[in-house]
Protein chains: 2
Amino acid sequence: MISVQEKLKEKGLKVTPQRMAIYNAVVKLNNHPTVENIVDSIKIEYPSVSVGTVYKVLNVLVENGLLRKVKSEKDIMRYDAMMEHHHHLYCNATDRIEDYEDMQLDTLVKDYFNRKKIKGFKIQEVKLQITGNFTT
Amino acid sequence: MISVQEKLKEKGLKVTPQRMAIYNAVVKLNNHPTVENIVDSIKIEYPSVSVGTVYKVLNVLVENGLLRKVKSEKDIMRYDAMMEHHHHLYCNATDRIEDYEDMQLDTLVKDYFNRKKIKGFKIQEVKLQITGNFTT
DNA sequence: ATGCCTAAAGATAATCATTATCTTTTGAGA
DNA sequence: TCTCAAAAGATAATGATTATCTTTAGGCAT
């Protein structure tokens, strides 16, 4: 598992405490935090952090493949540190979003679209948006 | 096929020319128009239309099950007049979004999740977000 | 280790989609 | 036709995100 520092260097980006803190916050918060969540979390360590910086850093991390954007029902952006192919469980009752990995399902879908092509469209990725309710 | 007028009356909503025009614009534009697209389209018939009104009407139509919101990669809301269960094809190159209906696929997915439950989660709907490129 | 230089952080203003507010207009039942 | 609440129009406000400008600090060369 390659570290954040290494990934940043690889891309020619400077390793700064803010970038580390923001990345780690997304990993730690882990349930697809909003910018607000991230700012709150970081304020504990870095009370002086600027909101603009958080936005900038998040964009840099997304552009360089360290984080992903996740769009929720509301029009606030959320972030995900899980970079492998996966699906999302959306809760109807709350705004909770959880990652869902299922290679068996991926195979099923892949096979299906290998057999049945969509005419006029070349598929690159298929992601499932599973809505429902958490029972726990 | 029940008409828009009837649907509005059914819900106790007044039938106004603006509501008709906005609904018809979404149907006519058909490729998941943005509010801007809709306003432009309507300005031809109703040059005096207010943008605020378009937003309000769209929200009313969504709340009453006449339209759906579709979120795109950008953070601008788009609208869809297709109310039946369906999936979306997202183009990587352009911002084109197309509806995709596939009952065979729906059956496959439904059967899969009937056999393999997600623990701690009750599924209500599964929608596929198919990204790729239009070849036409 | 020190200095230099550019990238990044901080602070603040600006933007832009969307919503709220308030007044005027109008659909539709009596 | 009259009435009245609901809807439209106009405009201001909001709130997330981006841009701008100044200050700070990584990190490479000396």
Side-chain angles (χ1 to χ4, degrees), chain A residues 3-26 32-40 42-43 45-64 66-79 95, chain B residues 3-26 32-40 42-43 45-64 66-79 95:
Chain A
S3 72
V4 200
Q5 285 100 321
E6 286 167 35
K7 283 190 201 164
L8 286 171
K9 273 186 189 167
E10 214 170 66
K11 299 280 182 176
L13 297 168
K14 289 182 182 171
V15 178
T16 67
Q18 291 88 341
R19 283 176 175 168
M20 297 298 295
I22 290 166
Y23 179 85
N24 289 331
V26 176
H32 307 85
T34 63
V35 172
E36 202 189 350
N37 298 150
I38 296 165
V39 170
D40 290 347
I42 287 176
K43 278 274 164 80
E45 265 185 279
Y46 289 87
S48 66
V49 81
S50 166
V51 179
T53 298
V54 176
Y55 275 99
K56 259 184 296 186
V57 168
L58 287 169
N59 280 336
V60 168
L61 296 180
V62 168
E63 282 158 19
N64 288 281
L66 292 171
L67 293 179
R68 277 187 183 188
K69 288 187 174 190
V70 178
K71 41 184 81 322
S72 63
E73 278 315 295
K74 316 260 164 53
D75 51 359
I76 25 178
M77 197 55 73
R78 296 171 61 159
Y79 294 85
D95 58 354
Chain B
S3 72
V4 200
Q5 284 99 322
E6 286 167 33
K7 283 189 200 164
L8 286 170
K9 274 186 186 164
E10 214 171 65
K11 299 280 183 175
L13 297 168
K14 288 183 183 171
V15 178
T16 67
Q18 290 89 342
R19 282 176 176 169
M20 298 297 295
I22 290 166
Y23 179 84
N24 289 331
V26 176
H32 309 82
T34 62
V35 172
E36 201 188 350
N37 297 150
I38 296 165
V39 169
D40 289 347
I42 287 177
K43 277 273 164 83
E45 265 186 278
Y46 289 87
S48 65
V49 81
S50 167
V51 179
T53 298
V54 175
Y55 276 101
K56 259 184 294 185
V57 167
L58 286 169
N59 279 336
V60 168
L61 296 179
V62 169
E63 282 159 17
N64 289 280
L66 292 171
L67 292 179
R68 277 187 182 188
K69 288 187 173 189
V70 178
K71 42 184 83 323
S72 62
E73 279 314 297
K74 317 260 163 52
D75 52 0
I76 24 177
M77 196 56 71
R78 297 173 59 161
Y79 294 85
D95 57 353

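On a predicted model such as this, the values are computed, not experimentally measured, just so you know. All chains are named by letter (A, B, ...) in the order of the sequence lines, taking the proteins before the strands, and each is independently numbered beginning at 1.
Of the possible donor and acceptor atoms, none in the side chain of B:Asn24 sits under 3.5 Å from a partner among the backbone N and O of B:Ala21.
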Watson-Crick or G-U pairs under 3.5 Å in DNA chain C, rendered as dot-bracket with [ ] for crossing pairs and | for another strand: ||||||||||||||||||||||||||||||
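Using a 4.0 Å heavy-atom cutoff across all strands shown, B:Val57 reaches sugar-phosphate atoms only and no base atom. As judged by a 4.0 angstrom heavy-atom cut-off over every strand, A:Val15 is placed among residues touching the sugar-phosphate backbone only. Across all strands shown, B:Thr53 has heavy atoms under 4.0 Å from base atoms, whether or not it also approaches the sugar-phosphate. Counting any heavy atom pair closer than 4.0 Å across all strands shown, A:Val51 reaches no nucleic acid atom.
Using a 4.5 Å heavy-atom cutoff, the side chains of A:Leu66 and A:Lys11 are not in contact.
Closest approach of B:Val15 and B:Lys9 over heavy atoms only: CG2-CG, 4.2 Å. Between B:Val54 and B:Ile22, the shortest heavy-atom contact is CA-CD1, 3.8 Å. Minimum heavy-atom separation, A:His32 to A:Arg78: O-NE, 2.6 Å. B:Lys14 and B:Leu8 make their closest contact through O-CD1, 4.2 Å (heavy atoms, listed as atom of the first residue, atom of the second, distance). In plain terms, the two heavy atoms of B:Val70 and B:Met77 that are nearest each other are O-SD, 3.8 Å.
Side-chain atoms of A:Lys56 come within donor-acceptor range of the base of C:dG10, with a qualifying N/O pair under 3.5 Å.
Distances were taken from every side-chain heavy atom of B:Ser50 (C-beta onward) to each of D:dG9, D:dA7, C:dT18; the shortest belongs to D:dG9. Side-chain atoms of B:Thr16 lie closest to D:dA8 of the nucleotides C:dT18, D:dA8, C:dA8. When the nucleotides C:dA9, C:dG27, C:dT19 are ranked by their closest atom to the side chain of B:Asn59, C:dT19 comes out on top. With C:dG10, D:dA8, D:dT18 as the choices, the nucleotide that has an atom nearest any side-chain atom of A:Gln18 turns out to be C:dG10. The side chain of A:Val49 approaches C:dG10 more closely than any other nucleotide in the set D:dA16, C:dG10, D:dT18. The side chain of A:Lys14 has C:dT6 as its nearest neighbour among C:dT6, C:dT18, D:dA5.
D:dG15 atom C1' lies 14 Å from atom OH of B:Tyr55, rounded to whole Å. For B:Glu63 and C:dT19, the CD to C1' distance is 12 Å, given to the nearest whole Å. Here C:dA28 presents its C1' atom at 13 Å from CZ of B:Arg19, a figure rounded to the nearest Å. Remark: P of D:dT17 and CZ of A:Arg78 are 12 Å apart, rounded to the nearest angstrom. A straight line from CG of A:Leu58 to C1' of D:dT17 spans 11 Å, rounded to a whole angstrom. Between the CG atom of A:Asn64 and the C1' atom of C:dA8 there is a distance of 14 Å, rounded to whole Å. As a whole-Å value, the separation of A:Leu61 CG from C:dA9 C1' is 14 Å. Rounded to an integer number of Å, the gap from B:Asn37 CG to C:dT18 C1' is 16 Å.
Interatomic distance, CD1 of B:Ile42 versus OG of B:Ser50, reported as 11.5 Å (0.5 Å rounding).
Between A:Glu36 and B:Pro17, the residue anchored closer to the 5' end of DNA chain D is B:Pro17, taking for each the nucleotide with the nearest heavy atom.
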